[in-house]
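Proteins come first, then strands; the chains are lettered A, B, ... in the order of their sequence lines, and each starts at number 1.
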Number of protein chains: 2
Amino acid sequence: MSELAGVAPSTVTRALKGDTRISKKMRDRILGLAKEHGYMPNALARTLSSGKSGLYGLVLGSAENPFYMELLHEATRQAEKLGFRLLIIHAGGGPIEDITAQSLIQYQVDGCIISSAILSSRAAEICAQNNVPLVMVNRVALAHGCFVTCDNRAGGAEIARLMIARNRRRFGLIYTASSSSTSREREEGFVSELEQAGLELTIRIDGHSNYDGGFAAGQQIANLPLPERPDAIFALSDIMAMGVLDGLRLASINVPEDIAVAGFDGLASSARPIYNLTTIQQPLPLMIQRAFELLKARTLDPSLPDELIAMRGKLIVRSSTGQA
Amino acid sequence: MSELAGVAPSTVTRALKGDTRISKKMRDRILGLAKEHGYMPNALARTLSSGKSGLYGLVLGSAENPFYMELLHEATRQAEKLGFRLLIIHAGGGPIEDITAQSLIQYQVDGCIISSAILSSRAAEICAQNNVPLVMVNRVALAHGCFVTCDNRAGGAEIARLMIARNRRRFGLIYTASSSSTSREREEGFVSELEQAGLELTIRIDGHSNYDGGFAAGQQIANLPLPERPDAIFALSDIMAMGVLDGLRLASINVPEDIAVAGFDGLASSARPIYNLTTIQQPLPLMIQRAFELLKARTLDPSLPDELIAMRGKLIVRSSTGQA
DNA sequence: AATGCGTGCGCAAACGTTTGCGCAGACTGA
DNA sequence: TCAGTCTGCGCAAACGTTTGCGCACGCATT
């Protein structure tokens with residue numbers, strides 16, 4: 001491109017970046033040539049030279065939870081607006097292989113959003129060494145790194161208060177054994193609020209963080225003899241709650257008359273008439289926005305300390321928990 | 001790294017690549033040092049020098065269809081195994097902005113998988129100029145580019161034969177107005193098979209390619225006076241079929257007794273007991289595999305002609321279409 | 001007319017690889 | 001012992017930018 005215009009490469013760079021040192025005439029000429037020839041600067045060469053790639057890594061969780069799909073779309077939307085790109089580092093429930101984590105370094109990403117799984121401590125260490133900032137979304141960090149989460153405790157407590165106000169007294173919890181910080185906090189919030197009211201869980205079932213697990217839990221509860229059956233169920237994620245609802249439905253148990261059900265996350269699909277699920281909606285757009293802000297700031301100044309951000313979720317009351 | 005070992009950069013490169021010209025002793029020393037210092041070659045510098053980035057672009061469709069989530073996960077899984085990375089170019093229903101398409105060039109991707117949306121002809125032209133091979137998955141190409149699809153016509157026909165064999169005689173179709181090649185072919189296959197049996201569609205409703213559209217269509221059909229009501233519905237995608245099923249369910253219409261329902265795609269969620277949806281399952285893993293093979297081959301030899309691959313889908317008969 | 005300053009651009013090093021080529025030294029065969 | 005062949009490694013150009021610095025020219029100030 002530079003030889004095409006008959007000028008020095010530096011002039012092209014500065015013209016394209018709108019540097020004031022370049023005359024308007026020269027700038028217009030270069031811009032014209034660039035448009036005409038469909039020229040665009042090689043982002044890789046730029047990265048090599050400037051150190052900033054405009055690339056952020058993204059680690060996604062299991063395909064079984066639509067939450068990650070919503071997260072991906074929101075992140076992509078914002079990235080397009082802000083003018084940088086997303087590199088998929090991993091997607092799925094499994095652990096991140098070291099070799100996968102290496103691409104964070106190899107492709108010189110400016111940072112990484114981790115919404116699931118955990119980097120091995122070795123991988124995390126390498127990121128730290130190479131000044132690759134990390135932000136966990138919907139997860140809290142282990143050793144170091146920022147995070148942005150929903151206020152899971154408060155959300156769990158809010159669901160508990162709602163259930164109590166609906167005169168429910170026997171509580172079931174659908175949790176997940178592969179206990180992430182997220183689900184642990186939600187449970188604690190729920191249970192401690194129950195305890196304050198002198199109530200407690202009557203049953204606790206592992207829902208494996210997916211629909212099928214929730215469905216099985218719903219069936220299991222439906223098969224319980226009436227005295228043991230809970231009249232309220234809190235599933236720690238919407239996807240499990242939807243499974244529970246279907247499990248109960250196929251067993252002809254009425255929601256919310258027989259059992260009230262609530263979830264957590266605020267998935268788009270929780271609003272479907274067939275579910276009408278009461279839930280705590282995570283402020284996903286804002287969470288992603290903050291995550292990017294944290295990353296960007298740390299790209300500019302790696303010495304910034306970790307920030308830990310929690311956001312209040314929004315209680316959405318639907319018919320799955322009935323009327324007061 | 002090279003100065004760390006006190007050797008030339010070229011020696012490091014060749015040692016890491018296992019070049020036979022390097023002695024085992026030297027190679028071991030360099031490998032040892034690399035491991036010790038957590039060294040990994042800069043993929044960007046490599047790209048600049050070699051011309052191959054190991055990066056593939058990925059264009060995903062709407063968040064409303066889990067199909068794209070399954071596609072993403074499968075693509076990610078295979079990419080991890082094959083040792084290259086995925087760059088998200090776009091995700092969502094909207095069109096691809098030119099500026100987004102530019103990142104294909106700017107980041108020197110070795111190719112791009114497009115599962116939705118259409119590149120502007122200008123963007124496609126730029127890709128062609130820069131030798132960025134494109135493969136459409138689940139879409140047919142417009143001007144040029146390879147594609148890998150399911151045999152949509154045959155699939156549609158197969159559903160028609162199944163419905164006819166189940167003694168259904170009044171057929172409803174849930175299509176999508178933003179007619180992609182995919183949905184058009186499915187419809188043609190279905191309708192032409194009906195015509196061969198002397199049958200025809202009695203109703204045709206736009207399901208907008210999402211759950212809500214399918215749900216509304218289900219409700220609309222449920223409200224039809226009995227003589228006008230179809231006894232079989234083919235939704236051109238599973239996500240719409242699931243909406244239809246729930247729309248019918250809430251109107252207390254029995255599936256498959258009153259109406260048989262079938263979809264297309266073979267989503268994991270179509271197997272849920274609450275749906276038990278008869279569908280044509282797309283061979284997604286194989287489709288993605290072929291797509292990557294096509295891209296890789298064209299990276300090595302850009303002069304290769306476009307290839308157009310169609311794969312037979314697998315009919316999965318479940319209870320939503322009843323017994324013969 | 002000499003000095004100083006701002007404007008507009010080029011020069012060249014640097015980023016971290018890859019790759020063709022070249023050049024030693026050791027080994028082989030005559 | 002001498003030419004020829006291998007083996008093992010370095011040299012240097014190239015990839016396409018960015019960025020600090022320098023230089024020439026025109027202009028305003030003394």
Side-chain angles (χ1 to χ4, degrees), chain A residues 1-31 33-34 37-55 83-85 102-110 129-132 299-300, chain B residues 1-31 33-34 37-55 83-85 102-110 129-132 299-300:
Chain A
M1 173 68 189
S2 67
E3 64 268 21
L4 201 153
V7 299
S10 50
T11 305
V12 176
T13 293
R14 292 195 252 255
L16 259 32
K17 296 182 80 174
D19 194 304
T20 56
R21 292 187 300 174
I22 303 298
S23 66
K24 178 158 169 32
K25 213 174 96 188
M26 174 67 94
R27 210 164 71 85
D28 288 348
R29 194 166 77 84
I30 293 183
L31 253 41
L33 275 175
H37 291 77
Y39 165 84
M40 4 195 145
N42 182 325
L44 272 42
R46 167 180 296 163
T47 304
L48 195 55
S49 177
S50 72
K52 307 280 157 263
S53 64
L55 225 44
F84 52 79
R85 307 285 143 228
Q102 288 188 357
S103 43
L104 284 173
I105 313 298
Q106 296 196 268
Y107 286 92
Q108 304 276 102
V109 302
D110 289 343
Q129 274 181 15
N130 293 60
N131 285 330
V132 176
T299 305
L300 298 175
Chain B
M1 173 66 188
S2 67
E3 63 269 20
L4 201 153
V7 300
S10 49
T11 305
V12 176
T13 294
R14 295 195 250 255
L16 260 32
K17 295 182 80 174
D19 193 305
T20 56
R21 294 188 300 176
I22 303 297
S23 67
K24 177 154 170 35
K25 213 174 98 186
M26 174 66 94
R27 211 165 71 84
D28 289 347
R29 194 166 75 84
I30 292 184
L31 254 39
L33 275 175
H37 291 77
Y39 165 84
M40 5 195 146
N42 182 325
L44 274 39
R46 165 179 299 163
T47 304
L48 195 56
S49 178
S50 72
K52 306 280 156 264
S53 64
L55 225 45
F84 52 79
R85 306 286 144 228
Q102 289 188 357
S103 42
L104 283 172
I105 313 297
Q106 297 195 267
Y107 286 93
Q108 305 276 102
V109 301
D110 289 342
Q129 273 181 16
N130 294 60
N131 286 330
V132 176
T299 305
L300 298 174

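Here the nucleotide nearest the side chain of L48(B), chosen from dC15(D), dC9(C), dT18(C), is dC15(D). Which of dC11(C), dG16(C), dT18(C) sits closest to the side chain of N42(B) comes down to dG16(C). Of the candidate nucleotides dC21(D), dA14(D), dC9(D), dA14(D) has the atom nearest to the side chain of S49(B). Nearest to the side-chain atoms of A45(A) among the listed nucleotides dT17(D), dT19(C), dG10(C) stands dT17(D).
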### Message
Let's go through L16(A) and L31(A) carefully: what are the C-alpha distance in whole Å and the side-chain angles of both, what is the deciding distance for side-chain contact (heavy atoms from CB on, under 4.5 Å) to 0.1 Å, and is it a yes or a no?
### Response
CA-CA 7 Å; L16(A) 259 32; L31(A) 253 41; 3.5 Å; yes
### Task
Show your reasoning for whether side-chain contact (heavy atoms from CB on, under 4.5 Å) applies to L55(B) and Q108(B).
CA-CA 8 Å; L55(B) 225 45; Q108(B) 305 276 102; over 6 Å; no
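Residue T11(B) has a polar side-chain atom (N or O) positioned under 4.0 Å from OP1 or OP2 of dG10(D). In this structure, K17(A) reaches the dT19(D) phosphate: one of its side-chain N or O atoms is under 4.0 Å from OP1 or OP2. Side-chain N/O atoms of T13(A) include none lying less than 4.0 angstrom from OP1 or OP2 on dT17(D). Taking side-chain N and O atoms only, S23(B) has a distance below 4.0 Å to OP1 or OP2 of dC9(D). An OP1 or OP2 oxygen of dT19(D) is reached within less than 4.0 angstrom by no side-chain nitrogen or oxygen of S10(A).
One atom, CD1 of I22(B), and another, P of dT7(D), lie 13 Å apart when rounded to the nearest Å. Following rounding to the nearest Å, R29(A) (CZ) and dG8(C) (P) show an atom-to-atom distance of 15 Å. Atom NZ of K25(A) and atom P of dT7(C) are 18 Å apart (whole Å). Atom P of nucleotide dA24(D) and atom CZ of R21(A) are separated by 17 Å, given to the nearest angstrom. Whole-Å rounding puts the Y107(A) OH to dG16(C) P distance at 17 Å. Counting to the nearest Å, the P atom of dC9(D) and the CZ atom of R27(B) are 12 Å from each other. One interatomic measurement links the two molecules: CZ of R46(A) to P of dC15(C), which rounds to 19 Å at whole-angstrom precision. In this structure, the CG atom of L44(B) is 17 Å from the C1' atom of dA14(D), given to the nearest Å.
Looking at S49(A), its side chain never comes within 3.5 Å of a backbone N or O of A45(A) through a donor-acceptor pair.
If you check distances only, the side chain of R14(A) never reaches the base of dG8(C) with a donor-acceptor pair under 3.5 Å.
Counting only heavy atoms from C-beta outward, the side chains of L44(A) and Y107(B) approach each other to under 4.5 Å. In this structure, K24(A) and D28(A) have side chains that are in contact, with non-hydrogen atoms separated by less than 4.5 Å.
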